[in-house]
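By convention in this document, chain letters (A, B, ...) are assigned in the order of the sequence lines, proteins followed by strands, and residues within each chain are numbered from 1. Values in this document were obtained by computation on a predicted structure and should not be read as measured data.
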Number of protein chains: 2
Amino acid sequence: MSVTRERRERERAQRHQLIITAARELAEAEGWEAVTTRRLAERVEYSQPVLYSHFSGKDAIVRAVAIDGFGELAAHLHRARPADPEPRQALHAVCRAYLEFATERPALYQAMFVLPTDVKFAHAETPPPLRAAFDEFVSCFRPDDARRELFAEVVWSALHGMAVLSDSGRIPSDGQEERLDFLVARFSDTPG
Amino acid sequence: MSVTRERRERERAQRHQLIITAARELAEAEGWEAVTTRRLAERVEYSQPVLYSHFSGKDAIVRAVAIDGFGELAAHLHRARPADPEPRQALHAVCRAYLEFATERPALYQAMFVLPTDVKFAHAETPPPLRAAFDEFVSCFRPDDARRELFAEVVWSALHGMAVLSDSGRIPSDGQEERLDFLVARFSDTPG
DNA sequence: CAGGATGTCTAGCGTTGCTAGGATGTCGTC
DNA sequence: GACGACATCCTAGCAACGCTAGACATCCTG
């Protein structure tokens, strides 16, 4: 339990995070198909096997990036929700923030919500930040409505669909604002 | 221009389709990650290079599968839409049919709407069956409403989100029916 | 200072998508 | 019917992939 050991562990933890951020940067710059273990190793200036001493495999690295993303998304949505919760404006703000997040960090978003994953959603083992992000949607609906979780699921599904279809060029990305307005108009508790 | 030549071309066309259906079956049975050029070649009882005399690469095979799927989806949605178009029931029927299609042919659905593609959506070069499928949604809204295309985009996005999030285990698949009901209630022209 | 644990690298395995080049067979012409 | 031209198909191989075994170096401990 020497001082050296502590330093080692600290360095190891730093390198762990370095791998995660390097994977994320590489993915954001060139897409996930460009993130190979060789390029990643080169980028962190270690050899390939070092990656495997930190993560069980490439999937685990992607998962680590995704989990980092959940925290950022939760924070981003929370910042966007106005303090005075006029319900419809709150929903609009949160939805817009969600689409912003997806558009500005497409690779991160893919790691979180598109790539195959074994992260548990809506489950006891769900990462707390992920649950927190989802709750930002739930909180946009009336607390006394028993179906607000259902509402949140559908709104989230719609936003996710808009995000991925737009990102993959399947719907024109310049109509996103209009679609957002329409979605919120239809889903907010206070119609009109 | 001999008879033999005609037979050759006929055989070639058959083999072309054989490759497509083999790829699709393999994907439906074991997922797209199991569809390798070697396994596909083995399945059609030819060597690998034969695939490349029909398609420019693996992506082109996936695209061909997807395009087949567009036709089937359009037909499936059209069958589902009732002749007497009570608007809300029509929308409900088409939406349910869409989700059915996605759940029952998940690999085909992925080829069409998830995997990277260069198929043109909402464009002059859009495959007609794809446009026809989209129009089944558009037709669920009042013809005099200039924004019905927008409505259709958002409904489609929501359904797509529900389909992929459920398929990848990110929302529980047994809530799909409830979500569908809620979606249609909020989006149909005739509220209530 | 020796011995064992820890950390890191080189080298290589099996698989992937894809392609070059040779063998085989079929066709139109003399 | 024999022959050159052509089309068809396969064997063999390339580079890149995720991942791992085993050798080397380095450091802490007794």
Side chain to side chain contact (heavy atoms under 4.5 Å, CB included) evaluation trace for A:Glu178 with B:Glu153: CA-CA 11 Å; A:Glu178 251 188 310; B:Glu153 279 178 3; over 6 Å; no

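Residue B:Arg12 is classed as having no contact, given no heavy-atom separation below 4.0 Å to the nucleic acid. Counting any heavy atom pair closer than 4.0 Å across all strands shown, B:Arg39 reaches no nucleic acid atom.
The closest side-chain donor-acceptor pair between A:His54 and A:Tyr46, if any, does not fall under 3.5 angstrom.
Here the straight-line distance linking atom CD of B:Glu125 with atom CZ of B:Arg131 works out to 15.0 Å at 0.5 Å rounding.
Comparing D:dC10, C:dC9, C:dG17 against the side chain of B:Arg38 picks out C:dG17 as the nearest. Of the candidate nucleotides D:dC17, C:dC9, D:dT11, C:dC9 has the atom nearest to the side chain of A:Val50. Of the listed nucleotides (D:dG18, D:dA21, D:dT11), D:dG18 has the atom at the smallest distance from the side chain of A:Tyr52. Closest to the A:Ser47 side chain, of the nucleotides D:dT11, C:dT8, C:dC18, is C:dT8.
For A:Leu40 and D:dC17, the CG to C1' distance is 14 Å, given to the nearest whole Å. Taking atom CG on A:Leu51 and atom P on C:dT10, their separation rounds to 14 Å, with Å as the unit. Between the NE2 atom of B:His54 and the P atom of D:dC10 there is a distance of 11 Å, given to the nearest Å. Protein atom CZ of B:Phe55 is 18 Å distant from nucleotide atom C1' of C:dT19, rounded to whole Å. Here the P atom of nucleotide C:dC18 and the CD1 atom of B:Ile19 are 13 Å apart, to the nearest Å. We find that CD of A:Glu42 is positioned 14 Å from C1' of D:dA16, with the value rounded to whole Å. The distance from atom CH2 of A:Trp32 to atom P of D:dG18 is 12 Å, rounded to the nearest whole Å. Rounded to whole Å, the distance from OH on B:Tyr46 to C1' on C:dT24 is 15 Å.
Interface remark: the B:Gln48 side chain does form a donor-acceptor pair with the C:dC18 base, using a distance-only criterion of under 3.5 Å.
Annotation: side chain of B:Thr103 is not in contact with side chain of B:Tyr109 (no heavy-atom distance under 4.5 Å).
Under 4.0 angstrom from either OP1 or OP2 of D:dG18 there lies at least one side-chain N or O belonging to A:Thr37.
Looking at which nucleotide of DNA chain D each of A:Lys58 and B:Glu45 is closest to, the 5′-most match is held by B:Glu45.
The cationic atom of A:Arg170 (NZ for Lys, CZ for Arg) does not lie both less than 6.0 Å from the six-membered ring centre of B:Phe113 and within 45° of the ring axis.
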